[in-house]
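Read through the structure below, which is laid out as structure tokens, and then see the notes.
Owing to the predicted nature of the structure, the values given are computational and were not obtained by experimental measurement.
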Amino acid sequence: MNRLQKWVHGNWSVPIVSGVLILISFGLQYLGGGAWNTVLTPQWWLDAGAHATHSAGVFALADAFMIAGAVVAGYNIVVKAINALLAKHIGIDLLVSIAAIGAIIIGNFWEAAAVTFLFAVGHALESATMNKTRSALAELVAVAPDTAIVMREGEQREVPARLVTMGEIVLVKSGAKVPVDGQVVAGTGALDEASITGESIPVEKTKSDQVFAGTVSRGGFLQVLATGIGADTTLARIIHRVEEAQDAKAKTQAFIDRFSTWYTPAVMVLALVAGLITQDVVLALTLLVIGCPGALVISIPVAIVAGIGRSARNGILIKGGEYLETAAKISAVAVDKTGTLTEGRPQLTDVVVLDPAYDRIEVLRWAAAAEAGSEHPLARPVLDSAQEEGVGPEGTPGVVTPVPGKGIVSDVEGRQVLIGNAPLLVEYGVTGDGGATDAAEVSGTLAAQGKTPMIVAVGGTVIGVVAVADQVRGDAPEMVQRLHDAGVEKVVMLTGDTRLVAEAIGAKTGIDEIHASLLPEDKLDAVSELQKQGHTVAMVGDGVNDAPALATANIGVAMGAAGSAVAVETADIALMGDNLLKLPESISLAKRTVSVMRQNISVALVTVVLLLAGVFAGGVTMSIGMLVHEASVLIVIVNAMRLMRNARGATAMAKELRAPSRITQAAEDDTDTATAKAIT
């Protein structure tokens, strides 16, 4: 499509052509009735009395251009009105169409042209603004890589990104976009992940780290094993999610749509009644124009698109307008402990021996053997420590039976091994004389230190206690404070860990309320209780053990969702980075968006009321009414555009304060050498 075709099909072609025709009409009217006739018209023509005929011809031509201007601007409006009627819908286009056609019939050509021209300008502004507010989506599409360098048959080959296959090795050089989701298998580098997480500071990547399509290398050289391609990449899922979210309607918008369905026919009836009573056709047509709820209809979607677009650019995915509105009402936030308030990377801290027949290494060996077949997050630090000390389990793990909220039961070398909390011992009949009493006492001491104790029993006898600890995130206390600043009344911890451990974490973070030793269904009950107290609840969790609570909460929030297809698709709000502070940021942004929506509705309604009063009081014409009406549309649009600004300017600040990565600097010094070494 060439430039002319693009312009013809663009937003501004219709109002520009219509505007030119209207200006020509005004020019001809000036020539037809002004002093220029004295100069341009010969004396003999004037003496012959033909001046009046000449002027009439000029004015007729002026009227023709004015009508042409109205037709050019009004054609699409009438077509839309007819299509809406065929779909049994009465909209704003019908009001404008009737008013313009009526104005032409009664000879008010200027009024018809003014109404259609201004309406066309308003439509162009609306389209341009919606495109602008969708800029976050456009930016995401723009960062999608077009090409990739892959290793095939021992050679580097540049291919379209869509032709990369799963399992191929992709080379990412300094300055290049990562074309796939994958895992680093060799090399080091620094990647700008702003398109995925919203964080502007490059992240250093080494072997085994995960990378995402659309991120940009700021230095270094990486060899990446492709694990996600095309539509299966995180970037593609985000684009799809944002696209759907921006089109989803909020409850307020749905109400406005229903309101407009009844409001538009009401305006038509009002105009008809007023015209019949007053016998003033101009008044009736003016009422049709004045009553257009254009600003009211655009007030909500433009704010929603801007708000969701702003959040997407900051690495916060909101499912749609309804969830944005609900997020603005959040008064209580329930958070899981592990991976949310803590780093989610627990480490083994203690191995306590309670049976003299065993030593420390033996206790660790039995604990690791029992955990070998477990999927619980706390199994990993036990297995890692056992591996480091040379007593890691070998071969296929035995049968493991998880006991939710209590621990696991495992079959190791023909013996039953329990590893979990005190209630697990009770359930399997391990009594005090088996060391359970001592285990409970040791567990209490460890738990008070913020550690998670796990009692180990072999063959019905307690042999020891192993403990793991997870570090509290550095920004967890600030997150809690910012949630309170954002209007959240209560921040609640819901955890399956013991109360002593939970209280130790709660004391460090400033949590308002703690619920410990919870099973998944207990978390659901805790969320339900908060809702019964009148709270709008957001639940932050990992989507597995917390699934029932996430489903019950008014808003389910997934933390660190980059790379997780399930989290991106199912969470009401997905925080793409691993930054806790994005949670209060998302709530604050939702509140700002809803505030803008209310302001826009107020502007739209006040404008219509004042204009209607002005029509009945006299002094407000059809063209003046449409001008004020379009001005209100512009105000609503500009107000919504404020949401596109970053309230805290965090991104710009981060760029100013960002120190160059040592990997970036080293790579810039000798990128070619690094490339050669990595390939060889």
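Of all heavy-atom pairs spanning Asp181 and Ala213, the tightest one is OD1-N, 2.8 Å. Ala303 and Val596 make their closest contact through CB-CG1, 4.1 Å (heavy atoms, listed as atom of the first residue, atom of the second, distance). Nearest heavy atoms, Asn600 versus Ala640: ND2-CB, 4.2 Å. Shortest non-hydrogen contact noted between Gly102 and Leu285 is C-CD1, 3.4 Å. Shown here for Ile511 and Val491, the closest heavy-atom pair between the two residues is CG2-O, 3.4 Å. Looking at every heavy atom in both residues, Val557 comes nearest to Ala538 through CG2-CB, 4.4 Å.
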>> Show, in sequence, the C-alpha distance, side-chain angles and deciding distance for Phe65 and Ile22, and conclude whether the side chain to side chain contact (heavy atoms under 4.5 Å, CB included) test is met.
In response: CA-CA 6 Å; Phe65 272 99; Ile22 292 172; over 6 Å; no
>> Assess the residue pair Val628 and Val620 against the criterion (side chain to side chain contact (heavy atoms under 4.5 Å, CB included)); give the C-alpha distance rounded to whole Å, side-chain angles, the decisive distance to 0.1 Å, and a yes or no.
In response: CA-CA 10 Å; Val628 174; Val620 175; over 6 Å; no
> Please walk me through it: do Gln533 and Glu489 pass side chain to side chain contact (heavy atoms under 4.5 Å, CB included)?
Replying inline: CA-CA 12 Å; Gln533 294 172 12; Glu489 299 172 16; over 6 Å; no
>> With side chain to side chain contact (heavy atoms under 4.5 Å, CB included) as the criterion, how do His484 and Asp512 come out once you've worked through the C-alpha distance, each side chain's angles and the decisive distance to 0.1 Å?
In response: CA-CA 10 Å; His484 288 145; Asp512 300 310; 2.7 Å; yes
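Here CE of Met66 is found 11.0 Å from CD1 of Ile104. Values are rounded to the nearest 0.5 Å. To the nearest 0.5 Å, atoms CG (Leu580) and OG1 (Thr509) are separated by 10.0 Å. Ile318 contributes atom CD1, which lies 12.0 Å from atom CD of Glu325 (distance to the nearest 0.5 angstrom). Note: Leu589 CG to Arg310 CZ = 8.0 Å, rounded to the nearest 0.5 Å. Put simply, CG on Asp572 and OG1 on Thr326 are 8.0 Å apart, with the number rounded to the nearest 0.5 Å. Here the straight-line distance linking atom CD1 of Ile587 with atom CD1 of Ile573 works out to 7.0 Å at 0.5 Å rounding.
A heavy-atom distance below 4.5 Å is found between the side chains of Ile304 and Ile308. Residues Val615 and Leu611 fail the side-chain proximity criterion, which asks for heavy atoms closer than 4.5 Å. The shortest side-chain heavy-atom distance between Gln531 and Thr552 falls under the 4.5 Å cut-off. The shortest distance between side-chain heavy atoms of Lys523 and Asp336 falls below 4.5 Å. A 4.5 Å side-chain heavy-atom check between Leu324 and Val594 finds every atom pair outside the cut-off. Side chains of Met597 and Thr593 form a contact here, defined as non-hydrogen atoms less than 4.5 Å apart. Here the side chains of Leu494 and Val527 are in contact, with some heavy-atom distance below 4.5 Å.
Judged by distance alone, with hydrogens and angles left aside, the side-chain atoms of Asn314 form no donor-acceptor pair with the main-chain N or O of Ile316 at under 3.5 Å. For the pair Lys591 (side chain) and Ala328 (backbone), a donor-acceptor distance under 3.5 Å is present. Not a single donor-acceptor pair under 3.5 Å links the side chain of Ser588 to the backbone N or O of Glu585. Formation of a donor-acceptor pair under 3.5 Å by the Thr286 side chain with backbone atoms of Thr621 is not found in this model. Within the 3.5 Å criterion, the main-chain N or O of Ile330 finds no donor-acceptor partner in the side chain of Thr536. Formation of a donor-acceptor pair under 3.5 Å by the Ser18 side chain with backbone atoms of Gly69 is found in this model.
Counting non-hydrogen atoms of neighbouring residues, nucleotides and ligands closer than 6.0 angstrom, the CZ atom of Phe26 exceeds 12 such neighbours.
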